[in-house]
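This report refers to the structure that appears directly beneath it.
None of these values were measured; they are calculated from a predicted model. Within every chain, numbering begins at 1; the chains are lettered A, B, ... in the order of the sequence lines, protein sequences first and strands thereafter. Side-chain atoms are counted along with the backbone in the values below, which use heavy atoms only and exclude waters and symmetry mates.
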Amino acid sequence: MPELPEVETTRRGLAPALIGRRVLALTVRERRLRWPIAADLEHQLRGRIVERVERRAKYLLLRFDSGTAIIHLGMSGSLRILAASAPPRPHDHWDLELDSGRCLRYHDPRRFGSLHFTAGDAEQHPLLARLAPEPLGPAFDAGYLFAATRRRSVAIKLLLMNSRVVVGVGNIYASEALFRAGVHPARPAGRITRAQAEALADAIKAVLAAAIQTGGTTLRDYVDPAGAPGYFRQELCVYERAGEPCRRCGARIKHAQQGQRSTYWCPACQRR
DNA sequence: ACTGGCTCCTGAGGGC
DNA sequence: TGCCCTCAGGAGCCAG
């Protein structure tokens, strides 16, 4: 999926086109996403005005006076702002038609994304209620991360991708943050030193912030709401660089499977 | 309570 | 050209 930087880039692109706009209609072409789109969603959203566009973890939150739409992009999802008359392409699963003559259009070939609406407190929605702190917020720091790693035997890279520990860090940025911090991805989380926890917390914040600055990483599907790719791919130090020279020391970047996901690291810069 | 493995789905790319 | 295999920005769910 889009990870935190891509979702945040999407949020920033959507906000000016959505805030204050009234929903004329929700048009669903394919209800079968990760969870089926609820049958009453068209009715829930029609006529409502978007008050705010927020992000929690990798979820986008469209705040209406009547409740909150909760959107996840899955692995291959993207959101565009288009003319309402633009003909839909394959995998364009739903449109939110706006009173501006434009629409918010959801595209997702793999259909791992989702769309929910809750009239209540969105923070208490089952998908959001048990999420860990935001990595760019004040609650996530070295002390928090160090404590979260204690007595955990799982590899540090998998721990970083656990949304009960920290949110928004996916397969790309976990590898990139570990490289920046000089920590081997397979190191058991409980063996991370205090100094490594500090380096890692700093690296996570730095790499996410830098990726947001360049509009995120486009590997295959991701585009921002204007249809533009992100440019952080050229800044990646290890991800999808197996066999290429480390940008820091020249050693060949290694690649292995961890928890059924690809991991990349520099064998010289990142010691076990 | 943790940990690992499986699962959903489509498309792209490589080998033969 | 076609077929079969592997691999993709996620994360909920389940058994052990």
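Between A/His91 and A/His107, the angle of the ring planes goes over 60°, which puts this pair in the perpendicular group of the 30/60° scheme.
In this structure, A/Ile70 atom CD1 and C/dA11 atom C1' are separated by 15 Å, rounded to whole Å. One interatomic measurement links the two molecules: CZ of A/Arg261 to P of B/dG4, which rounds to 15 Å at whole-angstrom precision. Note: CG (A/Leu219) to C1' (B/dG13) measures 15 Å, nearest angstrom. Atom CD of A/Glu240 is separated from atom P of C/dA8 by 7 Å (rounded to the nearest Å). The separation between A/His255 atom NE2 and C/dT6 atom P is 14 Å, rounded to whole Å. In this structure, A/Arg164 atom CZ and B/dC2 atom P are separated by 11 Å, rounded to whole Å. One can place CH2 of A/Trp35 at 14 Å from P of C/dG10, the figure rounded to the nearest angstrom. The distance between atom CD1 of A/Ile172 and atom P of C/dA8, rounded to the nearest whole Å, is 11 Å.
Sorted by residue number, the members of residues 221-237 of chain A with any non-hydrogen atom under 4.0 Å from DNA chain C read A/Asp221, A/Tyr222. Within residues 153-163 of chain A, the residues approached by DNA chain B to less than 4.0 Å at the level of any non-hydrogen atom are A/Ser153, A/Val154, in residue-number order. Against DNA chain C, the stretch residues 144-152 of chain A makes no heavy-atom approach under 4.0 Å.
In this structure, B/dC2 and C/dG16 make a Watson-Crick or G-U wobble pair, each of the two defining distances being under 3.5 angstrom.
Expressed to the nearest 0.5 Å, how far CD1 of A/Ile37 lies from NE2 of A/His93 amounts to 8.5 Å. Taking OG1 of A/Thr10 as the reference point, atom CZ of A/Arg80 lies at 11.0 Å (rounded to 0.5 Å). Distance CG/A/Leu62 to CZ/A/Arg48: 14.0 Å, rounded to 0.5 Å.
Of the N and O atoms on the side chains of A/Glu235 and A/Thr214, not one donor lies less than 3.5 Å from an acceptor on the other residue. For A/Thr263 and A/His255, the side-chain atoms include no donor-acceptor pair closer than 3.5 Å. When only modelled atom types and interatomic distance are considered, A/Ser114 and A/Tyr59 share no side-chain donor-acceptor pair under 3.5 Å.
Panel note: side chain A/Arg151, backbone A/Gly190; no donor-acceptor pair is recorded below 3.5 Å.
Linking ILVMFWY side-chain heavy atoms closer than 4.5 Å, directly or via other members, places A/Leu200 and A/Leu136 in a single hydrophobic cluster.
Applying salt bridge (charged side-chain N to carboxylate O under 4.0 Å, His left out) to A/Arg233 and the options A/Glu240, A/Glu176, A/Glu6 leaves one that passes, A/Glu240.
Residues passing the ring-ring contact (aromatic ring centres under 6.0 Å, His included) test with A/His116 are A/Trp35, A/His125, sequence neighbours excluded. Partners of A/Tyr106 by ring-ring contact (aromatic ring centres under 6.0 Å, His included), not counting sequence neighbours, listed by chain and number: A/Trp94.
Within the cation-pi definition used here (under 6.0 Å to the ring centroid, within 45° of the axis), A/Arg180 does not qualify as a partner of A/Tyr173.
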Base contacts versus sugar-phosphate-only contacts with protein, heavy atoms under 4.0 Å: please encode nucleotides 6-12 of chain B as B, S and - from 5' to 3'. B-BBBS-
Please evaluate residues A/Arg55 and A/Glu8 with respect to the criterion salt bridge (Lys or Arg N to Asp or Glu O under 4.0 Å), reporting the C-alpha separation (whole Å), side-chain torsions for both, the decisive distance (0.1 Å), and the verdict. CA-CA 7 Å; A/Arg55 179 189 57 74; A/Glu8 177 62 19; 2.9 Å; yes
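Rounded to whole Å, the separation between the P atoms of C/dC3 and B/dC9 comes to 22 Å.
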